[in-house]
Student: 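My structure is below; once you've seen it, I'll send some questions.
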Amino acid sequence: MLPSLSEEQVRALRRVGRAWGRVSAAPEVWRRALPVEPDVGSFPASAEASPAWFGRLVPLSPLRARAAEGRPGPEAAVRPEAGSRVRRVLIGAPLASSAFVKERMRKLVALPVLSADVLSSVAYAPEAMLAVLVLAGTAGLAYSLPVAAVVVFLMLAVGVSYRQTIRAYPHGGGSYIVAGDNLGPVAGLVAAAGLMTDYILTVSVSIASGIAAVTSALPGLMPLRVPLGVLVIAVLLAGNLRGIRQAGTLFSAPTYAFVVAMAALIGYGLVDAARGGFHRTPAPEVPVAETVGVLLIARAFSSGATAMTGIEAISNAVPAFRPVEWRNARTTLTWMLGLLITMFVGIVALIHFTGVVPTGQETVLSQLAHLSFGNGWFYVYVQAATAAVLLLAANTAFNDFPRVLSLLARDEYAPKLFLRLGDRLAYSGGIVLLSLAAALVYVAFEGRTNSLIPLYAVGVFLAFTLSQTGMVVHWWRLREPHWRKSLVFNATGAVLSGLVLLTAGVSKFTAGAWAALVIIVLFLLVTTRVKRHYTTARETLRLRPHAVELPACAEAGPLAPAAGAAGASPADRETEEIPEEIHHLSVIPIATLDLAGMRTLAYAASLGQPALAVHISTTEEEERRFRAYWSLWGDHLPLQTVLSPYRALVAPLVHYIETLHRLNPDLTLTVILPEVVTRHRRHQLLHSRMASRLRRALRHLPKIVVTTVPFHLPY
C-alpha cells in the first residue's frame, strides 16, 4: 500500500526536511507539547487467532488501551454499526493476514473449485454444437463426431500449453500477465478484456444452463427462470465473500456429485450400446433450415469449443494452491483435462448412439438420463447434480475475475478499491462488481443459454490466443531448458485458439459476437483513461523541493495546553463556550509522504497546537519503511505507527482515535486529513474517500472534529 520513493524523491525529502528545520520548532519541543501518550496499545497478534471450523477466525477487536502511567487500561468499547453487524453474520469475522497461508487450497479442493466451470460445460457445449448442426437436418448431424474430435484435439493442445504456462509463471500466469509481459501493455489489456468478459458470461451461462436443467425436470418453474437465476447469483455472492476456503468447502460436493453422475450415465449408456452391437438409433426427422456448408460447420465448432471456457482458471490461480504451488497446479490441471475429455467424448458418443437431438422443452442431458434411467430416482439425481454444478460452476469466475481486476488495479488500470483484500481474504470489490454485471447480463437475456453462447467464445479465445502467443515469445526470448518443446506446444495452442477466435468472430458476428467486441473496445477506453489519470495524479503529487509548503507560522513552536486540560472539571467538558476552555490535539493520519501529505503536515504545524501524525501499516515491512522515510524527512513531528493485521485502514484508525478520546476526554481532537480533489467528479471515484467515512464512524463521539486539507489536481 505504501509506494516506494525514487532516489530523486528521497533527495527531495531530505531537502524539504532541512527547510522544515529552519522554520519549525525542534522535534523535541513538539514531543514535549503532546498532552497524550501516543502509544495506546496494539491489535491482537495473528498468533492469538482462535481456531474454528472454517480456518482461523480473528474478530476485529479494538486496541487494548494502556493508561498514561503505563498500567493496562480497559479496552475501548467500540459500538459496531448495524451494517457491520449484518456483514459479520453473513460473511463471518475478519481473518488475520497471516491466515492467508491457511486459506490455501489442496488439490482435492482446488479441482472442484477451479474446474467446476470447465467440467460442467459438458452439460451444454455438446448441445450447443448439435443445436447448430441440426439446422441442416440429418446431413448436418452426421458431422457431430468429426467436429467433436477437432474440439477434443483443441482441448488437449490448449491444456498442454497451459501446463507450460504454469511452469514458466509459478506465481500465477493468467492471460493478462503473460500477454502484458511478452507482447506489451496493450496486448495485456486486450487479454484482460477478453478474460473479464468471459468471466461475466461464465456466471450468466452457467446459471442459465443450471436453471434450464431444473425446468427440464420441473416445467412448472419455467416462468420463474429469471428471479431464480438472480437468487442464485446472490447466494454465490454471499458464499464467495466468506473467502476462498469457505467457497471451496461449499462448492466441492456438487462438482464431485456431477462427475459421479456423468460416470454412471456414460458407463450405463455405453454398456447398453455394447449390448446392441453399437448400432446407432436413427435421429428423428427434423426440418432443414440451412444446407451443410463451411459456415455452418464453423459455427458448430465454435459452439462446441465453449466446453473449454474456464480451462485457464488453474493457471491464473496458482498462488491459491498449497506449496509447492506450481507443481500442485499442474497436477490439478492434468486431472481436470482428463476428466473434461472423458466426459465430453462420452456424452457425444451417447448422443451419437441414441439419436437424441436438441429440443426447446428438454435438455439433451435430460433426454439421455431419461433413456438410461427412466423417471426413477437416479434420473432425479443426475438432474439435481447437473443443476447444482451448473449453478455453482460460476464460482470459477468468482475466484478469477477479482484476481484479474486486482492485477489491473495494481498496474493502475482500475480503481485502487479493487486492490484491497476484504475481511475474509477475498477481493470483495471485484466479487460485488462481477455479481452486479452477471445479474445485469442474465436479466437482459432473460436467462436463455442459446442467446448467451454467441457472446461466449470471442472473449475466451481472444485471451487464449494472446496468452499462448505471449508464451511463444517468452520461450524464444529466454531459451530456458526444454524451450523448443515448450515453444511447439504453445505455438500449437496459439494457432488453434486463433483459428477458433477467427471462426467465432466471423460466424457469430451477427448473432451477438459484435457485442463482445464492443465491450472489449469500451474496456480498453476506460482502463487507459484510468491509467492516464493515475499517472497525472502521481506526477502532480510527486515530492519536489520548491513545491512543498512550509509551516511559516510555527517558529515559536506549539502551545502547551496540557496543564489546563488536566485541570478541567467534568462540567467544563460539556460547557466549552470560550476559546480558552478548548484544549487541542491535532491528529494527522498520513499514508504517504507526497505533496498532499506534506501540505497537511504543514497546515497542522502552522496552527501552533500539539500535533501527532498517525500511520496505519498493514505489514511490519511497511511500518519499517514509513519510519525510515519519516526519519529521512527529519522526524519533525511526533509519529505513531499502528500495525493493522487485517489489511483494513479506516477501522483501525477509528479505533485509535476513539481510544485517544476515551483516555483523554478533556481534549478536542482535530483529525486533519489530506484530500485529493479532482476537476471532474467521475475521477473522484478513483481516490480515497476516507474523510467522509471517518466522519460517519466518529459522529457519535463528542469533541472530535474531522477536517480536510484539499489538494487540487489539474486533471
Side-chain angles (χ1 to χ4, degrees), residues 118 120-155 198 201-202 204-206 208-209 212-213 216 280 282-309 343-345 347-368 390 445 447-461 496-497 499-517:
V118 67
S120 66
S121 65
V122 301
Y124 58 80
E127 181 172 358
M129 179 183 70
L130 288 177
V132 178
L133 294 175
V134 78
L135 295 176
T138 305
L141 292 174
Y143 286 89
S144 60
L145 291 183
V147 172
V150 178
V151 172
V152 170
F153 179 73
L154 180 64
M155 291 176 182
D198 171 57
L201 291 172
T202 292
S204 303
V205 171
S206 296
S209 302
S216 293
R280 182 189 176 195
E285 290 294 328
V286 292
V288 178
E290 296 184 29
T291 58
V292 177
V294 175
L295 189 60
L296 181 78
I297 300 299
R299 284 163 50 200
F301 171 64
S302 58
S303 293
T306 57
M308 295 175 53
T309 54
M343 291 194 295
F344 184 85
V345 170
I347 293 298
V348 171
L350 289 186
I351 293 172
H352 176 75
F353 290 128
T354 58
V356 168
V357 295
T359 66
Q361 292 74 36
E362 187 178 8
T363 65
V364 166
L365 211 58
S366 176
Q367 294 179 62
L368 293 175
L390 283 167
F445 285 86
R448 300 181 186 276
T449 307
N450 291 336
S451 300
L452 291 165
I453 287 292
L455 287 77
Y456 212 4
V458 173
V460 65
F461 281 99
L496 292 177
S497 298
L499 290 174
V500 178
L501 172 64
L502 183 62
T503 301
V506 173
S507 64
K508 297 189 175 185
F509 184 82
T510 57
W514 64 269
L517 297 175

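Each residue takes its place number in the sequence, starting with 1. Computed from a prediction, not measured in an experiment: that's the story for all the values here.
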Student: Indicate yes or no for a side-chain donor-acceptor contact from S121 to the backbone of A307 under 3.5 Å, with no hydrogens or angles considered.
Tutor: yes
Student: Determine the minimum heavy-atom distance between V122 and I347, stating which atoms define it.
Tutor: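 Closest approach of V122 to I347, heavy atoms only: O-CG2, 4.3 Å.
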Student: Which pair of heavy atoms, one from E362 and one from S216, lies closest together, and at what distance?
Tutor: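 Closest approach of E362 to S216, heavy atoms only: CA-OG, 3.8 Å.
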Student: Work out which heavy atom in V147 is nearest to a heavy atom in M129; give both atom names and the distance.
Tutor: CG1-SD, 3.5 Å
Student: Grab the two heavy atoms, one from V500 and one from A305, that are nearest each other, plus how far apart they are.
Tutor: CG1-CB, 4.1 Å
Student: Nearest 0.5 Å, please: how far is OG in S302 from CG in L499?
Tutor: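 Nearest 0.5 Å value for the CG-OG distance: 12.0 Å.
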Student: For L130 and P358, work out which heavy atoms get closest and say how close.
Tutor: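 Nearest pair, atom of L130 first, then P358: CB-CG, 3.7 Å.
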Student: Using side-chain heavy atoms (C-beta onward) and a distance below 4.5 Å, is L295 in contact with E290?
Tutor: no
Student: Please evaluate residues T363 and E127 with respect to the criterion side chain to side chain contact (heavy atoms under 4.5 Å, CB included), reporting the C-alpha separation (whole Å), side-chain torsions for both, the decisive distance (0.1 Å), and the verdict.
Tutor: CA-CA 8 Å; T363 65; E127 181 172 358; 3.7 Å; yes
Student: Would L133 and I297 satisfy side chain to side chain contact (heavy atoms under 4.5 Å, CB included), going step by step from the backbone distance to the final call?
Tutor: CA-CA 7 Å; L133 294 175; I297 300 299; 4.1 Å; yes
Student: Decide side chain to side chain contact (heavy atoms under 4.5 Å, CB included) for F461 and T503; before the verdict, give the C-alpha distance in whole Å, the side-chain angles of both, and the deciding distance to 0.1 Å.
Tutor: CA-CA 10 Å; F461 281 99; T503 301; over 6 Å; no
Student: Which atom pair, heavy atoms only, marks the closest approach of F344 to V151?
Tutor: CZ-CG1, 3.9 Å
Student: Indicate yes or no: at least one non-hydrogen side-chain atom of V364 is less than 4.5 angstrom from one of P126.
Tutor: no
Student: Suppose we screen for ring pair (Phe, Tyr, Trp, His ring centres under 6.0 Å). Which residues come up paired with Y143, at least two apart in sequence or across chains?
Tutor: none
Student: After noting the C-alpha distance and the side-chain angles of L135 and R299, does the key distance pass the side chain to side chain contact (heavy atoms under 4.5 Å, CB included) rule?
Tutor: CA-CA 11 Å; L135 295 176; R299 284 163 50 200; 3.5 Å; yes
